[in-house]
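Heads up, the thing below is written out as structure tokens.
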Amino acid sequence: MLDKYNFKESEPKWQEYWQENKVYAFDPNSEKPIFSIDNPPPTVSGHIHIGHIFSYSQSEFIARYKRMTGYNVFYPFGFDNNGLPTERLVEKERGIRAHTLPREEFTQICLDVASKYVDDYKRVFIMAGNSADFDLKYSTISSEVQKISQKSFLDLYKKGNVYYAQKPAIWCTECRTSIAQAELESKDLESTFNYMNFECKALNKSIEIATTRPEMLCACVCVFVHPEDERYKDFVGQKVEVPLYGFEVPVLTDDVVDKEKGTGAVMCCTFGDETDLLWQEKHNLPIKVAIDDGGRMTELAGKYAGLKIKQAREQIINDLQESGKLIKSETLVHAVSTHERCGTPMEILIKKQWFVDLLSHKDDFIEMGKKVHWYPDYMKNRYFEWVANVDRDWCISRQRYFGVPIPVWYCKHCGQVIVADESQLPCNPIVDKPPVSTCPHCGASEFEAETDVFDTWHTSSVTPQINCGWGTDRYGKMMPMSLRTNAHEIIRTWDFYTIVKSFYHSNCLPWENVMISGFVLADKDNKISKSKNNAKFSPESLINEKSADVTRYWSATGSLGKDIIFSEGEFKNGAKLVNKIWNASKFVLSFLQDYVVKQPTLLPIDQWIIAKFNQMQKSFRAYLDKYEIGLAMAELEKYFWNFCDNYIEIAKRRLYNPQIFGQDATDSAKYACFVVLKEMLKMFAIYLPHICEEIYKDYFEKYEGEISIHKTQISYIPLESVEDIVEQGDAVVEIVSSIRRYKSENNLSLKYEIPKLIIKGYPEYVRTFDGDIKAVGCVLDIQYQNGDERAVIIE
RNA sequence: GGGAGCUUAGCUCAGUUGGUAGAGCACCUGCCUUACAAGCAGAUGGUCAUAGGUUCGAGUCCUAUAGUUCCCACCA
């Protein structure tokens, strides 16, 4: 072995080796039980960040653990490179707007940009030592995946779980598309509460209303007051005049109105917000469209037509003020639902859209959620709460360009929906022909292609179907998958929609277990955001500077499901550990050149270190079986430092001096060192795959026979030992510790030889270790005495 | 407004079923000891957020309170 470990040389070398030799490949012909992981396809929306490394490493540890404990691990790697996130990336990077370009041209640019990013993502994940099987790579824009996504739609259509309807949908005026409830993000925005009078001619008095959206005045359909509000009793049933526009609207009552809010009288516009929507349906109010797809005022707004919402609002407030109609305007901060991708406040527009029925099966989704094992368990609450709060069906059509096409045509004559035939998939209705030549409903023969594409989640919600080969024999055998891994922010989207799809398609769970990871925070309060562009947190610079192993070590120090603070200290500990593993291995192996493995009669202290190893591994496995990667590593680490600081110290005199202690004693130490180091390295290989491979390839390969440490199996060390050997050895460490304390307190060198030591109150078996205590404690003579309390007396 | 997590040493956090408070880092002391000074040994340091309760016994279980973070709702 070399003197110093150089990760800069070692890490790329082994990464290449693993890829070339397909060390992590899934074996479809293996007899071993399958452990399948539904690994999240990262959204191709920009550069990979440290949060990716953190959460992907955590689930990757599980893949390695399962691989090394008897499973045939199915660990694919996908990339979510279609849809709005990718479009936004392309628009930003190229400085273009999708709707200003011909569709084909824009799609081609998206494909080019996405493939560049996919390659880059893959490169960085490999740099981080990720052990996914990249031969199982999928991309959500590929034709294979499009086929499954469209098949999912056809299946839902056949089963009546998806429908086409013209109804109010959540709309993003920036992205010019409908979006789903799950894509909304609540944001506190500053706004103004504007008070104005609606005049009632019949009563010759005015009703005062307050609104944050005065630009919607033109779409006002009525004014609501609370039925028991004494102030406005007279107005109920009367008509009032809308300021600036002059048309009249009725005053109605509804108990949703909050008497305390604003003036207690509220104008209802179609649609200013979701309450308006509720009222419109309940009171069957007329619909007036004030805002268009791109967020500009329509003709309805009169002189404000063509203005952006914000501009129109400013101008109308101005006009109200000038005409003396504005009573007052107060600033306030209120929660506004915005599109999570761009931060634009949502609007409600009536459009024809495709919806997946969620509302009639909420109970089933809850039941499914109960059958899944969530790690950590409390994270399931987020799922249940979300499902309980879902109040609209899932709108899956997007008026965008770069995505999976909705495989549908409409009869130009009667509007009949014609869906593609499964044999046509993947299908692009703009190019392809419908499966019928005449409309089955009216017999007409002209059709209009659907130009919308699917919501990206419509595709990513079928990753289990993609992974398990939906439609092939494999599917039945592989579903449900063993494990889904993701961070907590997409429980309500990815996890939820995946459960919905598996319920509708196969009435089975998509996976048995879900492992949730946290986020990386820069400090106690701050997320590491892309906008801050903090270079020191970039995965590449961390890996280049600190090594992939150390970066992985830091990922492992996180607790399951919890956010982690970026900590220099943990990187330091990781670097120390890697260094120590190297030095300890180098030292131990220097005594084991040309070693021939044979199990000798083991000395008690050698039995002790092996027995402790088995004990540690048991708890290590128990933690990993619960996905507690950090606690498992801590167990291993603790054992390792004990091995170095106590066991090696005791064993090394035998290794150095076979002529004094005899061949049997030396063989016993050699065997224990050999076997413990080998098995420890395998366990460390889960977390620190590079350095462990380096040592394995240099030394242990010839004993194990596998071409990589990552193809070996973690195992217990066979041992026939006396009872209580762990307690016995621990007692020895305790005594040695007392001697060390004495020397430290008396400023003595640790090699100072203590002339006489009296050990009181320890069990008889301690005498067995007489030689070990003498050697490591540097004691010349030991006497044993009985006693009630344990004591170590130095004379 | 509803829900969840967290609150333990100066810092970052462990603490499985209740049984004498733990680790790492930092700080301090000592040690060149024939793998490693990027090392080793040791010391200091905590009313386990607060208040009640259950119990022979509570960091752990129950109830309330406070602080904090997150999720959801609140958009007139």
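Here is how names work: the chains are called A, B, and so on, in the same order as the sequence lines, proteins then strands, and each is numbered from 1.
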Mind checking the C1' distance from B:U54 to B:G45? Whole angstroms is fine.
-> 33 Å
For B:G15 and B:C74, measure between their C1' atoms and round to the nearest Å.
-> 39 Å
Which one of A:Thr666, A:Asp606, A:Asp772 satisfies the side-chain hydrogen bond (donor to acceptor under 3.5 Å, both in side chains) criterion with A:Arg654?
-> A:Asp606
For B:U8 and B:A23, measure between their C1' atoms and round to the nearest Å.
-> 12 Å
A:Lys259 vs B:A76: side-chain N/O to OP1/OP2 distance below 4.0 Å | no
Is A:Thr212 near enough to B:C75 that one of its side-chain N or O atoms lies under 4.0 angstrom from OP1 or OP2?
-> no
Side chains of A:Asp549 and A:Ser547, donor plus acceptor under 3.5 Å = no
Can the ring centres of A:Phe193 and A:Tyr195 be said to be less than 6.0 Å apart?
-> yes
Any side-chain N or O of A:Lys638 under 4.0 Å from OP1/OP2 of B:G15?
-> no
Would you say a side-chain N or O of A:Arg741 is under 4.0 Å from OP1 or OP2 of B:A43?
-> yes
Can you find a side chain N or O atom of A:His334 that sits less than 4.0 Å from OP1 or OP2 on B:A76?
-> yes
The reported gap from CZ in A:Phe198 to CZ in A:Phe235 (rounded to nearest 0.5 angstrom) is 12.0 Å
Atom pair OG1/CD of A:Thr270 and A:Gln280 - distance to nearest 0.5 Å | 7.0 Å
Counting only side-chain N and O atoms of A:Lys652, is one of them less than 4.0 Å from OP1 or OP2 of B:U33?
-> no
Touch check for A:Ser737, heavy atoms < 4.0 angstrom, all strands: base, sugar-phosphate only, or nothing?
-> sugar-phosphate
Any side-chain N or O of A:Lys261 under 4.0 Å from OP1/OP2 of B:C74?
-> no
To the nearest Å, give me how far apart CD1 (A:Ile565) and C1' (B:U68) are.
-> 12 Å
Looking only at atom P, what distance separates B:U65 and B:C27, rounded to whole Å?
-> 43 Å
Would you indicate, yes or no, if B:A14 has its OP1 or OP2 atom less than 4.0 angstrom from a side-chain nitrogen or oxygen of A:Ser559?
-> yes
Side-chain donor or acceptor of A:Glu570 under 3.5 Å from a matching atom on the base of B:G24?
-> no
Could you measure between the two C1' atoms, the one in B:C48 and the one in B:C6, and give it in whole Å?
-> 14 Å
